Amino acid sequence: MATQMDEQLSMNQVYINELSKHTGQEVTLKGWLYNLRSSGKLLFPQLRDGTGIVQCVVFKKNVQPEVWDALKGLGQESALIIRGAVRADERAPGGYEIDVSSAEVVQSAHDYPITPKEHGTEFLMDHRHLWLRSRRQHAILKVRATVVKAVRDFLDNDGFTLCDAPIFTPAACEGTTTLFEVNYFDEEKAYLTQSGQLYNEATAAAFGKVYCFGPTFRAEKSKTRRHLTEFWMVEPEMAYATLDDVMNLSERFLSYIASRVIEDRKEELKILERDISKLETIVPPFPRLHYDDAVKMLQEGHERGELENRFEWGGDFGAPDETYISGHFDKPVMVHHYPAAVKAFYMARDPERSELALGVDVLAPEGYGEVIGGGARATSLDFLREQIAIHELPEEAFNWYLDLRRYGSVPHAGFGMGIERCTAWMCGIEHIRETIPFPRMLYRLKP
RNA sequence: UGGCAGGUAGCUUAAUCGGCAGAGCGUCUGAUUGUUAAUCAGAAGAGUGUCGGUUCGACUCCGACCCUGCCAGCCA
């Protein structure tokens, strides 16, 4: 009998997100119990299968007594196979419900820790492996998947070749930032990459337009809502390109990502209560602001009492400064020509004003801060050698990099975008930690 | 790393001037043929992050340490 039941149960198996195509049919759903309500001779199990949640209705008289008894006492997140007829019903959340004819309990769960009530951040983060099942987290990670897909589609269709950079690196890419050190066989040290930047410059000279996309590690002791110690970064790089090319690319790139999220993740954005109009404004052109003008804006803000501290020319913007600047625009704003002193050693200089770097930061609206950082790279061998010396970096570690200036050095440019920051912005959520399945942060390495 | 706020049942929390720790949710038992974080009735479940001090008496006051959150620096 069990065999017969199994066969019957696997007939016409469908996923919850395609129920509308099966109205009136007898279908099989495989998933987990999201919630169970009961009303005497009626049970309302809500089934979750990874594609959605559907309410099922069990009438006591319609199912075998064993099925009724098994379902009646089920705990949240029990694994469950349900068979029944698909019916459009306005009373059901989602518009469809399943009139259950039979069911099989695959595993009966008890005392699931995450209840449909409020929980604190610490508790939820400790149970991240289970928290992923809840509706909101599910929606955020679906948006992340779409952001990643959009990133790849855009670059692949725009003539870029995927050329991934290594994760183990022999030395710092950017000197200043702290690195995670690991043992690399006997006595040797390696570092986890903090940017694929330098390797991108090599592959760009081989392929023209390239990008790398992978995890990036920063051992900064930052404890803010926009920092992770392990995050994913996409870095396009173009040979024979300028700062303007980078700004044009950033504009098209971010606009494409936003349009894909709006188009493909409507349900999820609704669950997240995202104000879509905030995403619909993300279309070219983006405002471009010279660093000098950004500084003026900040200083005027201080004079009006809107900013606590007076910003002095020469510094890098802090989080409140970025928020203040981006608050003047309803689109991402591109701040360019930063002082070279606050940027990486490999940045090209403005030929008219050598104290300025040909760099750009794209500041997202709504206080999401810097989502893109990039610019043109220095082409001169002598200049780079000097910079490496000034930054007290070991020249022999950069010898291969300097080869790129010895053999066919050309103007080239690119940028890096943090996937999690971009996802948090698209979702309109407070903290970046929810935009990656298992966040790694200062003081959090588990689960 | 610095500043601020916190650690009380499984979870979210209350406890007045220092006086025997109270609730909601979840769990368990029962009722309910349309529930929407279902509802109703009943039951079990904690000695308050750790260590030390003051006191007749400490969740409450003092000190150290541990942990968490928020903000900042740094960055994507």
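Being a predicted model, the structure only gives us computed values, none of them experimental. Computed from heavy atoms alone, side chains included, the values below leave out hydrogens, waters and symmetry copies.
Using a 4.0 Å heavy-atom distance criterion, R87(A) is classed as a base contact. Across all strands, T216(A) comes closer than 4.0 Å to no nucleic acid atom at all (heavy-atom distances). Nucleic acid contact class of G318(A) (heavy atoms, under 4.0 Å, all strands): sugar-phosphate only. Across all strands, G75(A) comes closer than 4.0 Å to no nucleic acid atom at all (heavy-atom distances). Note on Q55(A): a base of the nucleic acid sits closer than 4.0 angstrom, heavy atoms only. At a threshold of 4.0 angstrom between heavy atoms, the contacts of N35(A) are confined to the sugar-phosphate backbone, with no base atom among them. Backbone-only engagement by F123(A) is indicated by non-hydrogen atom pairs under 4.0 Å involving sugar-phosphate atoms exclusively.
Spacing between C71(B) and G34(B) at atom C1', rounded to whole Å, works out to 48 Å. Rounded to a whole angstrom, the distance from the C1' atom of G26(B) to that of C11(B) is 7 Å. Between G52(B) and A58(B), the distance separating the two C1' atoms is 14 Å to the nearest Å. Nucleotides A23(B) and U1(B), compared at atom P, are 42 Å apart to the nearest Å. Nucleotides C66(B) and U29(B) place their P atoms 45 Å apart, quoted to the nearest Å. Separating the P atom of A21(B) from that of C25(B) is a span of 23 Å, rounded to the nearest Å. Nucleotides G7(B) and U16(B) place their P atoms 13 Å apart, quoted to the nearest Å. G6(B) and G49(B) have their P atoms separated by 14 Å, with the value rounded to a whole Å.
With a 3.5 Å ceiling on both atom-pair distances, the Watson-Crick or G-U wobble partner of G24(B) is C11(B). Pairing partner, G69(B): C4(B), with both Watson-Crick or wobble hydrogen-bond distances short of 3.5 Å. Nucleotide G18(B) has no partner under the Watson-Crick or G-U criteria, as no pair reaches both atom distances under 3.5 Å. Taking a pair to require two hydrogen-bonding distances under 3.5 Å in either a Watson-Crick or a G-U wobble arrangement, U50(B) pairs with A64(B). Partner assigned to U29(B) is A41(B), using Watson-Crick or G-U wobble distances below 3.5 angstrom. In a base pair of the Watson-Crick type (N1 to N3 plus N6-O4 or O6-N4) or a G-U wobble (N1-O2 and O6-N3), with each distance short of 3.5 Å, A58(B) is matched with no nucleotide. Base pairing analysis places U35(B) opposite nothing; no Watson-Crick or G-U wobble pair with both distances below 3.5 Å involves it.
Between the base of C11(B) and the side chain of T115(A) there is no donor-acceptor pair shorter than 3.5 Å. Side-chain N/O atoms of H119(A) and base N/O atoms of C11(B) include no donor-acceptor pair closer than 3.5 Å.
Listed candidates were U1(B), A72(B), U32(B). Nearest to the side chain of S38(A) is U32(B). Taking the side chain of L228(A) as heavy atoms from C-beta on, and the options G34(B), U32(B), A76(B), the nearest nucleotide is A76(B). In the set A37(B), U1(B), C75(B), the nucleotide with an atom closest to the side chain of R37(A) is A37(B). Nearest nucleotide to the E322(A) side chain, out of U27(B), G34(B), C75(B): C75(B).
Remark: C1' of G73(B) and CZ of F311(A) are 13 Å apart, rounded to the nearest angstrom. What separates CD of E420(A) from P of C75(B) is a distance of 19 Å, to the nearest Å. Distance K61(A) NZ to U33(B) P: 12 Å, rounded to the nearest Å. Atoms NZ (K60(A)) and C1' (U33(B)) sit 11 Å apart, rounded to a whole Å. K41(A) has its NZ atom 13 Å from the P atom of G30(B), to the nearest Å. Straight-line distance from the CG atom of L36(A) to the C1' atom of U35(B): 10 Å, rounded to whole Å. Going from atom CD of E97(A) over to atom P of G34(B) covers 13 Å, rounded to whole Å. Between the CD atom of E220(A) and the C1' atom of A72(B) there is a distance of 14 Å, given to the nearest Å.
Map D111(A) and F59(A) each onto its nearest nucleotide of RNA chain B; the residue landing nearer the 5' end is D111(A). Annotation: of the two residues near RNA chain B, G73(A) and I419(A), the 5′-most nearest-nucleotide partner is G73(A).
Below 30°, between 30° and 60°, or above 60°: for F253(A) and F154(A) the angle between ring planes is above 60°, a perpendicular geometry. Between W232(A) and F213(A), the two ring planes are perpendicular [angle over 60°; tilted spans 30° to 60°]. Using cut-offs of 30° and 60° on the angle between ring planes, the pair F345(A) and H391(A) is tilted. Note on ring orientation: taking the six-membered ring where Trp is involved, the planes of H127(A) and H129(A) are parallel (angle under 30°, cut-offs 30° and 60°).
Judged by the 6.0 Å distance and 45° axis criteria, K331(A) is not positioned over the aromatic ring of F329(A).
A 4.5 Å side-chain heavy-atom check between V54(A) and L19(A) finds at least one atom pair inside the cut-off.
There is a side-chain donor-acceptor pair under 3.5 Å between Q197(A) and E201(A).
With hydrogens and angles disregarded, no donor-acceptor distance shorter than 3.5 Å links the side chain of E370(A) to the backbone of L363(A).
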Please report the C-alpha distance between E267(A) and K142(A) in whole Å, then the side-chain angles of each, then the deciding distance to 0.1 Å, and finally whether the salt bridge (charged side-chain N to carboxylate O under 4.0 Å, His left out) criterion is met.
-> CA-CA 10 Å; E267(A) 271 308 303; K142(A) 288 295 266 188; over 6 Å; no
Taking N or O atoms only and anything under 3.5 Å, show me the protein contacts with nucleotides 68-71 of chain B, one pair per line.
{"unit_1": "U68(B)", "atom_1": "OP1", "unit_2": "Y443(A)", "atom_2": "O", "d": "3.0"}
{"unit_1": "C70(B)", "atom_1": "OP1", "unit_2": "R433(A)", "atom_2": "NH1", "d": "3.1"}
{"unit_1": "C70(B)", "atom_1": "OP1", "unit_2": "R433(A)", "atom_2": "NH2", "d": "2.8"}
{"unit_1": "C70(B)", "atom_1": "N4", "unit_2": "K223(A)", "atom_2": "NZ", "d": "3.4"}
{"unit_1": "C71(B)", "atom_1": "OP1", "unit_2": "R225(A)", "atom_2": "NE", "d": "2.8"}
{"unit_1": "C71(B)", "atom_1": "OP1", "unit_2": "R225(A)", "atom_2": "NH2", "d": "2.7"}

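Base orientation for G73(B): anti, the chi torsion being more than 90° from 0.
Y291(A) and F317(A) have their aromatic ring centers within a separation under 6.0 angstrom.
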